[in-house]
Amino acid sequence: MITTLILSLILMAGLFLMLWAGVAFIQDPKYFSSAPKEVRDAILPKAERFKGAHALGWLLAVISILMMAGAVIYGMYDGIRNRFTFMQLFIRFVLMLLSLKAFDILFFDLYLLCNSDFFSHYYPEVKAHLGMHLFGFNAKEHAVMILLCPLIALVLALICSLLIR
């Protein structure tokens, strides 16, 4: 269980690193496709913050993807090595994915988007558009992802179960 918790924390750290890389360094408007429309529309084009900022952002984004993929792969490896049952594997992956989704909703949406100056620190022009009224703007997407978590966990557990034999 402790391994599952640690892997979940690595997923969360990777997701935050990806957000920070995009917002602070990459600064590509395409990176904000999941932001509320009024926030996307308010973002003004910006010059690179410092020489090499975009390259640093992409490097951090790649590192975040590797962190997240590594957490899932290690979770699979550890389950296979310890000969987890299908149900143990399924529970591990469901917990990892649902905790990541809870982190997304509570930390990204509720805290960063609605209650902090994270986005307005990098894009002051969006400050007037931020606030609690945005919480839940992407509820439909969150609901779909929450419903997909067990299915994804099922596939990962099945792959691991087949490799244990």
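Along the sequence shown, residues carry numbers from 1.
Counting all heavy atoms, side chain and backbone alike, S8 lies closest to L95 at OG-O, 4.2 Å. What you find for F50 and L56 is that their closest heavy atoms are CZ-CD2, 3.9 Å. The minimum heavy-atom distance linking A157 with F86 is given by the pair CB-CE1, 3.6 Å. The minimum heavy-atom distance between A153 and L97, with the atom names listed, is N-CD1, 4.0 Å. What you find for G57 and A21 is that their closest heavy atoms are O-CB, 3.3 Å. Of all heavy-atom pairs spanning L17 and M67, the tightest one is CD2-SD, 4.0 Å.
Rounding to the nearest 0.5 Å gives a distance of 4.0 Å between CE of M18 and CD1 of I65. Atom CD1 in I91 sits 8.5 Å away from atom CE in M1 (nearest 0.5 Å). The CD1 atom of I63 sits 14.0 Å away from atom CE of M68, with the distance rounded to the nearest 0.5 Å. Taken from CZ in R92 to SG in C160, the straight-line distance is 9.0 Å, to the nearest 0.5 Å. In this structure, the separation between CG on L163 and CG on L158 is 9.5 Å, given to the nearest 0.5 Å. A distance of 10.0 Å separates CE of M87 from OG of S161, quoted to the nearest 0.5 Å.
Here V23 pairs with L19, F32, F118, F119, Y122, Y123 under the side-chain contact (heavy atoms from CB on, under 4.5 Å) rule; sequence neighbours left out. In this structure F107 satisfies the ring pair (Phe, Tyr, Trp, His ring centres under 6.0 Å) test together with F16, F103, Y111, sequence neighbours excluded.
Following chains of ILVMFWY side-chain contacts shorter than 4.5 Å, one cannot reach L66 starting from L11, and the two form parts of different hydrophobic clusters. M76 and L5 fall within the same hydrophobic cluster, defined by Ile, Leu, Val, Met, Phe, Trp and Tyr side-chain heavy atoms under 4.5 Å apart, directly or through other members. Under a hydrophobic clustering in which Ile, Leu, Val, Met, Phe, Trp and Tyr are joined whenever their side-chain heavy atoms come within less than 4.5 Å, directly or via other members, L147 and V94 fall into different clusters. The same ILVMFWY cluster, assembled from side-chain heavy atoms under 4.5 Å apart, contains both L89 and V155. With hydrophobic clusters built from ILVMFWY side chains whose heavy atoms lie under 4.5 angstrom apart, I159 does not share a cluster with I73.
In this structure, the side chains of I105 and I146 come closer than 4.5 Å at one or more pairs of heavy atoms.
The six-membered or imidazole ring of W20 lies near that of F25, with a centre-to-centre distance under 6.0 Å.
Remark: side-chain polar atoms of D78 are not paired, donor with acceptor, to backbone N or O of Y74 under 3.5 angstrom.
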Exercise for review: Kindly indicate, with the supporting measurements, whether the criterion side-chain contact (heavy atoms from CB on, under 4.5 Å) is fulfilled by D104 and K101.
Suggested key: CA-CA 5 Å; D104 179 11; K101 186 46 63 187; 2.8 Å; yes
Exercise for review: Quick one: do F93 and C149 satisfy side-chain contact (heavy atoms from CB on, under 4.5 Å)? Show the steps, please.
Suggested key: CA-CA 8 Å; F93 294 122; C149 283; over 6 Å; no
